[in-house]
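Structure, as structure tokens:
If you read the sequence from its start, that first residue is 1, and numbering goes on from there. Every heavy atom of this structure was used, including side-chain atoms; hydrogens, water molecules and symmetry mates were not.
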Amino acid sequence: RDLDFNPNKQYYMATCGDDGCSKFWDVRNSSEPVVTRSDHSHWVWSIRYNHFHDQLVLTSSSDSQVILTSVASISSEPLTNIVDSDENQREQKDKLEDGVLATYDEHEDSVYSVEWSSADPWTFASLSYDGRLVINKVSRADKYRILLLEDGVLATYDEHEDSVYSVEWSSADPWTFASLSYDGRLVINKVSRADKYRILL
């Protein structure tokens with residue numbers, strides 16, 4: 001009945017249909033789905049990946065429910081990788097588990113469509129045969145499970161060639177800072193967009 005491509009992993013897509021299942025495929029090997037979920041009790045009409053956090057998937061069904069599911073095991077999850085300063089290796093921490101995160105049952109009849117907001121990655125809308133358009137948000141608890149930062153090194157800047165004696169944040173821009181080293185070099189840097197989104201979204 002519907003399909004959607006993962007916006008962050010080019011070979012992955014999701015489908016749904018009259019069997020009541022949501023299936024996730026790697027198109028490079030389409031003989032069988034990578035993950036199959038049977039969270040609905042009737043036909044699944046719509047399936048949508050979150051554009052920013054592709055471990056979040058919405059489905060809507062003739063069972064009058066909208067379900068928010070985590071498929072973290074096959075997501076890109078670019079924001080969960082951090083640097084372990086002790087071993088200087090990248091590792092994943094507090095990975096969101098696969099499964100149903102929330103069920104929304106505000107509708108009284110078949111829910112034919114569900115769609116994420118293009119302006120806010122945590123807001124979505126669903127449309128039902130009962131004539132009701134419902135706007136919902138991902139709960140704060142689920143949002144924090146995805147976004148909260150672990151202690152650790154976010155970034156290392158190595159533009160200097162000698163001892164760095166001073167570093168100072170800009171008073172005009174909270175994402176800009178300057179560093180001064182013994183080699184006489186003043187370096188101005190900005191916090192990367194990825195790290196900024198980890199903090200703000």
Side-chain angles (χ1 to χ4, degrees), residues 4-14 24 26 28 34-35 48-58 68-102 115-125 135-201:
D4 193 26
F5 283 90
N6 186 323
N8 299 325
K9 292 185 76 173
Q10 64 177 337
Y11 296 113
Y12 283 80
M13 64 179 289
F24 299 87
D26 182 340
R28 296 168 295 185
V34 179
V35 173
R48 287 292 178 270
Y49 278 103
N50 185 294
H51 299 295
F52 296 95
H53 308 289
D54 61 336
Q55 63 266 52
L56 300 180
V57 176
L58 286 169
L68 174 65
T69 306
S70 165
V71 286
S73 63
I74 56 170
S75 72
S76 62
E77 290 193 309
L79 303 184
T80 60
N81 289 326
I82 67 168
V83 175
D84 186 326
S85 57
D86 293 330
E87 300 179 9
N88 205 20
Q89 296 177 346
R90 298 187 73 84
E91 65 179 1
Q92 292 189 341
K93 295 197 175 182
D94 286 347
K95 187 173 182 178
L96 197 65
E97 297 297 325
D98 287 358
V100 174
L101 295 178
E115 194 69 53
W116 290 101
S117 166
S118 59
D120 179 0
W122 307 109
T123 301
F124 60 93
I135 298 176
N136 270 304
K137 291 183 84 71
V138 176
S139 73
R140 182 173 295 180
D142 290 328
K143 186 190 302 188
Y144 286 166
R145 289 175 65 190
I146 295 168
L147 290 182
L148 278 182
L149 299 179
E150 296 290 327
D151 291 341
V153 176
L154 290 180
T156 301
Y157 303 85
D158 56 3
E159 290 93 347
H160 293 287
E161 297 175 358
D162 210 327
S163 301
V164 181
Y165 286 115
S166 181
V167 64
E168 191 72 40
W169 289 102
S170 166
S171 59
D173 180 357
W175 307 108
T176 300
F177 60 94
S179 54
L180 180 65
S181 72
Y182 185 76
D183 61 14
R185 187 176 298 173
L186 172 69
V187 177
I188 298 175
N189 271 302
K190 292 183 81 72
V191 175
S192 72
R193 181 173 297 179
D195 289 330
K196 189 187 300 186
Y197 286 161
R198 291 177 67 184
I199 296 166
L200 290 181
L201 282 182

With sequence neighbours left out, write down each residue that passes side chain to side chain contact (heavy atoms under 4.5 Å, CB included) with [X], or none if nothing qualifies.
{"X": "K137", "result": "D120, T123"}
{"X": "R140", "result": "Y144"}
{"X": "V35", "result": "F24, R37, S73, I74"}

Legend entry - For S181, all residues meeting side chain to side chain donor-acceptor pair (under 3.5 Å), sequence neighbours excluded: H160, D183

Legend entry - Residues which pass ring-ring contact (aromatic ring centres under 6.0 Å, His included) with F177, listed by chain and number, not counting sequence neighbours: Y157, W169

Would you mind reporting whether [Y] and [X] have side-chain heavy atoms less than 4.5 Å apart?
{"X": "V138", "Y": "H53", "value": "no"}
{"X": "V34", "Y": "Y12", "value": "yes"}
{"X": "F5", "Y": "Y49", "value": "no"}
{"X": "S75", "Y": "N8", "value": "no"}

Inset, instruction - Quick one: closest heavy-atom pair of A172 and S170, and the distance? - result: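 Answer, listing the atom of A172 first, then S170: N-OG, 3.0 Å.
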
Legend entry - Residue pairs, two or more places apart or on separate chains, that pass salt bridge (charged side-chain N to carboxylate O under 4.0 Å, His left out) and touch residues 160-170: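 Matches after skipping sequence neighbours: E161-R185.
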
Inset, instruction - For D54 and P7, indicate whether the former's side chain and the latter's backbone hold a donor-acceptor pair under 3.5 Å. - result: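 Not at all, since once roles are kept as given, no pair shorter than 3.5 Å links the two residues.
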
Inset, instruction - Please check if the side chain of N6 supplies one atom and the backbone of M13 the other of a donor-acceptor pair under 3.5 Å. - result: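 The answer is no, because no donor-acceptor pair under 3.5 Å joins these two groups.
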
Legend entry - Residue pair L101, L56: steps toward the side chain to side chain contact (heavy atoms under 4.5 Å, CB included) verdict: CA-CA 9 Å; L101 295 178; L56 300 180; 3.5 Å; yes

Legend entry - Euclidean distance, L58 CG relative to N50 CG, rounded to 0.5 Å: 7.5 Å

